[in-house]
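Read the numbers this way: they start at 1 and go in the same order the structure lists the ligands and their atoms. We're numbering straight along the sequence, starting at 1.
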Amino acid sequence: MNDDVKILLTESEMPRRWYNLAGDLPERLPPPLNAKTHQPLSYDDMSSLTPRDLTLQETSTEPFIEIPDEVVRAYRQWRPTPMFRARALEQLLKTPARIYYKYEGVSPTGSHKLNTAIPQAFYNAQRGTRRLTTETGAGQWGTALAYACAQFGIDCEVWWAGSSYDQKPYRRTLMEAFGATVHRSPSPVTEVGAKALADDPHSNGSIGLAVSEAVEVAVADPESGYALGSAVNHVLLHQTVIGEEALKQFAIAEDYPDIVISCVGGGSSLGGVGFPFLRDRMHGGRDVRIIAAEPDACPALTRGRYAFDHGDREGMTPLMKMYTVGHKFIPDPIHAGGLRYHGMAPLVSYAYNRKLIEAAAWAQHECFEAGMLFAQAEGIVAAPESMHGIAAAVAEARRCTETGEEKSILVLVTGHGLLDLSAYDAYLSGEIVDSELSDDQLDESLQSIPQLTGIQ
Ligand SMILES: *Cc1c(COP(=O)(O)O)cnc(C)c1O
């Protein structure tokens, strides 16, 4: 085994292909359904706001898809990302386990979201899109799309749910520094926004409303497109550069993980780091466990239902077969804003349903405790989302301390938390409360899952 702390790849070792798990499964994934007719989406339904290449990737059954040269060139600004052996953390935990973490916080915008923002901006620029619109929840996706659009000469317009917009002024500044226009949602510039403001001039908005605003603007302008930051197949595809790199880094380390972990909101980082290892296992490789870490305040995998549901609160977006706690679900305002999504990526959902991957839910205080340990040992202030994966890795390592097992653990640290210091501050001043979802709350929310006759 190699003794290095940083396991690095050169730029020329960067993967040239994304991995498409959908192309490697024994059956086709259930297709998305039109929100109104409940019929499978037509190509036209899908391609009106999205370039052809992305629509083809969304439905592709090819296991590998070539990364365009222009995208490789843009990736080189921060990729390949480092993989670290967490020796200090191992010592702190007195564990015989070997803990590795792959760190996506080195990207220009501080998270893994840029891995998909770059190709989405590229394909849009190629088809002549002048402007991309989107919504953002915690702000990471808006920041990534802002930078990616700047790289390919496209305008970027972001609708950001009011409550989060008010809490994170520096993140707005970052998006604006990358050239984006940022609206507090509800905004007066759209019909749905103006209507919401007329009803309540001080509305704090919601992600669902921000989606509606971004889509309204894109639909009304043939030169505009709309981009999504998680959950859908093409986003998971783009994120697989993470796992492809990690496979090569383990070869350099002369090791192989027994367990691969990431946090899950929509599921793109878990798919990104986990699916290339799953491929290895499905094709006769080593027996690796892949574990999703979700917040117990929004437990789509561990307590949700596998059913067709909408992606947004208003029920306007297509129905996707996924684990969901119901599209009307409003999670408590936890600090890991990027994990407050009611549904899970159809590919991750399928893999979980077929027991190809596992999942566990974590309480906020457990995440912050692990995040603090990680910061002090490894010098990285992780994003509150990433702490969920770190909590799962720390728990596995502690189990090894008890049993004496020498497991090898890989955790993906999806981003840094330097713009989330107010969350650390809340933890340090004792203001973090756990907010596990009660059965009653869950049951009520599950009722918003549409009842579709004749479809399972
Ligand atoms: C958005 C985000 C997540 C959650 O998204 P996934 O699609 O589940 O990966 C996790 N970590 C960070 C830092 C994020 O910005």
Side-chain angles (χ1 to χ4, degrees), residues 81 101-117 120 134-148 158 160-161 164 168 171 174-175 207 227-243 260-275 290-295 297-301 311 322-323 331 334-349 351-352 357 359 361-362 367 371 374 380-392 411-420 423:
T81 60
Y101 60 95
K102 179 119 169 108
Y103 186 44
E104 291 295 309
V106 296
S107 90
T109 63
S111 84
H112 70 291
K113 296 257 180 6
L114 204 51
N115 298 327
T116 184
Q120 291 196 53
T134 200
E135 75 288 342
T136 193
Q140 290 273 20
W141 168 239
T143 314
L145 196 66
Y147 172 79
V158 181
W160 194 2
S164 190
K168 299 191 183 183
R171 196 158 269 292
L174 193 54
M175 290 184 227
I207 264 271
L228 279 163
S230 184
V232 292
N233 298 344
H234 64 267
V235 171
L236 271 68
L237 174 80
H238 302 153
Q239 293 294 353
T240 58
V241 285
I242 302 172
V260 175
I261 299 168
S262 188
C263 59
V264 285
S268 71
S269 59
L270 180 85
V273 69
F275 289 170
I290 294 151
I291 307 179
E294 66 182 6
C298 192
L301 286 174
M322 59 184 177
Y323 278 87
I334 55 169
H335 287 280
L339 308 185
R340 293 178 73 224
Y341 184 60
H342 67 273
M344 189 54 59
L347 264 174
V348 170
S349 293
Y352 183 65
I357 65 171
W362 299 89
C367 297
F374 191 74
I380 289 173
V381 174
E385 290 83 2
S386 314
M387 286 176 195
H388 291 71
I390 296 169
V411 56
L412 179 66
V413 177
T414 51
H416 71 66
L418 293 175
L419 291 173
D420 302 288

Looking at [atom], what's its closest protein heavy atom, distance included?
atom: atom 1 (C) of ligand 1; value: Lys113 NZ, 1.4 Å
atom: atom 9 (O) of ligand 1; value: Ser269 OG, 2.7 Å
atom: atom 11 (N) of ligand 1; value: Thr414 OG1, 2.7 Å

Distance filter under 4.0 Å to [X] heavy atoms, resulting ligand 1 atoms:
X: Glu385; answer: 10 (C), 11 (N), 12 (C)
X: Ser268; answer: 6 (P), 7 (O), 8 (O), 9 (O)
X: Val264; answer: 8 (O)
X: Ser230; answer: 6 (P), 7 (O)
X: Gly338; answer: 4 (C)
X: Gly267; answer: 6 (P), 7 (O), 8 (O)

### Message
Would you compute the distance between atom CG of Leu419 and atom CG of Leu174 and round it to the nearest 0.5 angstrom?
### Response
6.0 Å
### Message
Rounded to the nearest 0.5 Å, what separates atom CG in Leu339 from atom OG1 in Thr414?
### Response
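One gets 7.5 Å once the value is rounded to the nearest 0.5 Å.
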### Task
Please check if the side chain of Ser349 supplies one atom and the backbone of Tyr323 the other of a donor-acceptor pair under 3.5 Å.
yes
### Task
In plain terms, say whether Arg171 and Asp420 are close enough for a salt bridge, that is, a side-chain N and a carboxylate O under 4.0 Å apart.
no
### Query
Between His112 and ligand 1, which residue portion shows a heavy-atom distance shorter than 4.0 Å: side chain, backbone, both, or neither?
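Looking at His112 and ligand 1, just side chain atoms fall under 4.0 Å.
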### Query
At under 4.0 Å between heavy atoms, which part of Leu270 makes contact with ligand 1: side chain, backbone, both or neither?
neither
